[in-house]
Number of protein chains: 2
Amino acid sequence: MKQSIPLPVLERLSILYTVLERLEKEGRTAVSSAELGRIMNVTPHTIRKDINYFGQAGSESGYSVSTLRNTLEKGLRFDVSRKACIVGLGRMGLALMNFSGFKDSNIRIEAGFDSNINRLETLKTDIELYPAYEIPEVVKRKSIELGVITVPPEAAQQTADKLIQGGIKGIINFAPVIIQCDNPAIAIRNFYVLEEFRILSALIQI
Amino acid sequence: MKQSIPLPVLERLSILYTVLERLEKEGRTAVSSAELGRIMNVTPHTIRKDINYFGQAGSESGYSVSTLRNTLEKGLRFDVSRKACIVGLGRMGLALMNFSGFKDSNIRIEAGFDSNINRLETLKTDIELYPAYEIPEVVKRKSIELGVITVPPEAAQQTADKLIQGGIKGIINFAPVIIQCDNPAIAIRNFYVLEEFRILSALIQI
DNA sequence: TGAACGCTGTGAAATAATTCACAACTTAAT
DNA sequence: ATTAAGTTGTGAATTATTTCACAGCGTTCA
Ligand SMILES: NC(=O)c1ccc[n+]([C@@H]2O[C@H](COP(=O)([O-])OP(=O)(O)OC[C@H]3O[C@@H](n4cnc5c(N)ncnc54)[C@H](O)[C@@H]3O)[C@@H](O)[C@H]2O)c1
Ligand SMILES: NC(=O)c1ccc[n+]([C@@H]2O[C@H](COP(=O)([O-])OP(=O)(O)OC[C@H]3O[C@@H](n4cnc5c(N)ncnc54)[C@H](O)[C@@H]3O)[C@@H](O)[C@H]2O)c1
């Protein structure tokens with residue numbers, strides 16, 4: 001079912017979920033596709049079409065914030081808790097490891113890896129740390145499903161290979177490298193920060 | 001001209017540029033659309049169509065790595081140096097501020113901002129730091145074109161407003177908030193890390 | 001009671017993006 | 001010299017995505 005949701009739709013729905021979380025926190029009970037469209041900078045039609053991938057979810061007086069959030073949560077399995085790990089505990093890896101936003105999400109950072117053993121010893125954190133060569137074993141043993149790659153570009157592919165060896169199901173890659181992976185069941189999302197600067201450079205006039 | 005390049009194409013071309021940089025560094029002189037397609041996980045047709053937005057760029061023996069990189073550089077204005085600033089010098093903001101990848105890019109981080117004055121005083125960096133209320137003045141005075149938002153979600157919109165007030169041309173937003181901006185000339189790119197975990201959750205089976 | 005308004009859901013239309021197919025050309029090898 | 005293999009550029013076809021238009025329903029207000 002979820003497989004049939006187009007990626008652009010999934011991306012919007014994920015953001016919509018965050019919007020609904022905020023609206024709910026603000027005490028809002030109902031919201032229309034028109035308002036959601038304004039908030040998200042898309043047309044109301046798109047909002048309705050997107051939501052309709054889960055069948056009827058609204059009424060003639062709009063959508064119930066909590067019901068809709070719940071529908072998305074169930075439909076996209078956001079209610080399932082996922083174990084994750086971070087490989088490469090440098091600047092970016094540490095920023096992520098200490099990110100407070102995971103607290104009230106269903107993402108559990110269960111392990112951190114680095115090839116620099118000294119680094120592992122000096123870091124102060126509650127999260128279990130391991131040398132990089134243990135990635136396959138630890139990922140498998142702890143059934144970690146998601147991996148974050150924040151190693152230098154030269155080490156990105158081999159890191160991905162180790163994660164895949166351990167049976168990882170999804171990867172978020174921060175290194176400016178295109179990860180090669182022949183298993184189509186493994187989802188890979190790339191996060192190219194520097195590219196964003198370039199894209200902006202090209203988008204702004206002169 | 002560049003306005004007419006579709007966004008998906010621009011995004012791929014930006015990555016292609018990075019790939020070409022690497023190939024050039026490795027000493028490669030020529031490359032075919034087929035090989036680029038394998039590297040980038042897209043079809044060779046897409047590669048050729050993308051490149052063709054700049055007119056003919058290859059020959060019957062493929063593309064010259066350096067010529068193609070140069071064509072993209074000129075066409076997408078990657079040769080133009082851009083001044084940028086970072087607002088919110090917490091975990092993520094600092095990771096970015098100390099990111100070594102800017103060194104050999106055309107992005108110059110010219111200023112850092114934070115609302116916490118104590119924080120500004122304790123940070124050790126070569127980059128000039130300012131309190132957040134000075135954003136409009138400093139951005140205008142230094143002609144800073146790009147702004148990065150790494151403040152807590154509640155402060156994201158007001159930060160964007162200040163950047164816009166200063167005449168910013170493009171924004172990279174890390175806060176899980178949809179920035180409202182009625183000026184269509186200002187480009188905004190969102191970087192929702194937590195959403196990526198959610199999207200992966202939805203993509204992987206069970 | 002009834003008219004006006006605002007809402008969703010959805011098939012149809014329009015638009016956008018990707019993929020295909022092949023002409024035209026080069027190079028290499030036999 | 002000729003054949004085979006490999007390449008790009010590009011119009012056409014296909015596929016994907018977004019937008020439109022409106023039926024159908026409930027609510028509100030006169
Ligand atoms: N820092 C940023 O703001 C930023 C921005 C954009 C992209 N990135 C990308 O993120 C990645 C990390 O950047 P960073 O600034 O954190 O770098 P960093 O040098 O601060 O950290 C890299 C870490 O990876 C570890 N490492 C190296 N090889 C490893 C291996 N084989 N296995 C496990 N760990 C290994 C190093 O010991 C180090 O701790 C890079 O690919 C970079 O391009 C970073
Ligand atoms: N750290 C991460 O790995 C991570 C991951 C995903 C998203 N983010 C997002 O990035 C943003 C920053 O995250 P963080 O972890 O770095 O937070 P943080 O709390 O470490 O840093 C936030 C910084 O912003 C400053 N600040 C607060 N209000 C400000 C204002 N009005 N003007 C200027 N500065 C202000 C604070 O003083 C602090 O230094 C958040 O929106 C967060 O959701 C962070």
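In what follows, chains carry the letters A, B, and so on, assigned in the order in which the sequence lines appear, proteins first and then strands, with residues in each chain numbered from 1.
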Distance-only donor-acceptor pairs under 3.5 Å for side chains of residues 89-97 of chain A, two or more places apart:
{"residue": "Arg91(A)", "atom": "NH1", "partner": "Asn98(B)", "partner atom": "O", "Å": "3.3"}

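- Put simply, the side chain of Arg82(B) gets close to the backbone of Ser201(A): a donor and an acceptor are under 3.5 Å apart.
- Ile5(B) places its CD1 atom 15 Å from the C1' atom of dA17(C), with the value rounded to the nearest Å.
- Rounding to whole angstrom units, CD1 of residue Ile47(B) and C1' of dG9(D) are separated by 15 Å.
- dA5(D) atom C1' lies 17 Å from atom CD of Glu35(B), rounded to whole Å.
- When the ring pair (Phe, Tyr, Trp, His ring centres under 6.0 Å) test is applied to Phe191(B), the partners found at least two apart in sequence or on another chain are Phe191(A), Phe174(B).
- Going from atom CD1 of Ile51(A) over to atom P of dT17(D) covers 18 Å, rounded to whole Å.
- For the pair Leu7(A) CG and dT17(D) C1', the computed distance is 12 Å after rounding to whole Å.
- With rounding to whole Å, Glu11(A) atom CD is found 13 Å from dT17(D) atom C1'.
- Ala57(B) comes within contact range of the sugar-phosphate backbone alone, with a heavy-atom separation under 4.0 Å but no base atom that close.
- The side chain of Tyr63(A) contributes no N or O atom lying less than 4.0 Å from OP1 or OP2 of dG6(C).
- Between the P atom of dG6(D) and the CZ atom of Arg38(B) lies a distance of 11 Å, rounded to the nearest Å.
- Every residue was checked against the salt bridge (Lys or Arg N to Asp or Glu O under 4.0 Å) condition with Arg119(A), not counting sequence neighbours, and none meets it.
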Each nucleotide of nucleotides 18-30 of chain C classed B (base within 4.0 Å of a protein heavy atom), S (only sugar-phosphate) or -, in 5' to 3' order, makes SBBB---BS----
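- The side-chain contact (heavy atoms from CB on, under 4.5 Å) check on Glu134(A) picks up Tyr130(A), Pro131(A), Glu137(A), Val138(A), with sequence neighbours excluded.
- Picking from dG9(C), dT8(D), dT10(D) the nucleotide with the shortest atom distance to the side chain of Asn52(B) gives dT10(D).
- With sequence neighbours left out, the ring pair (Phe, Tyr, Trp, His ring centres under 6.0 Å) criterion links Phe99(A) to Phe102(A).
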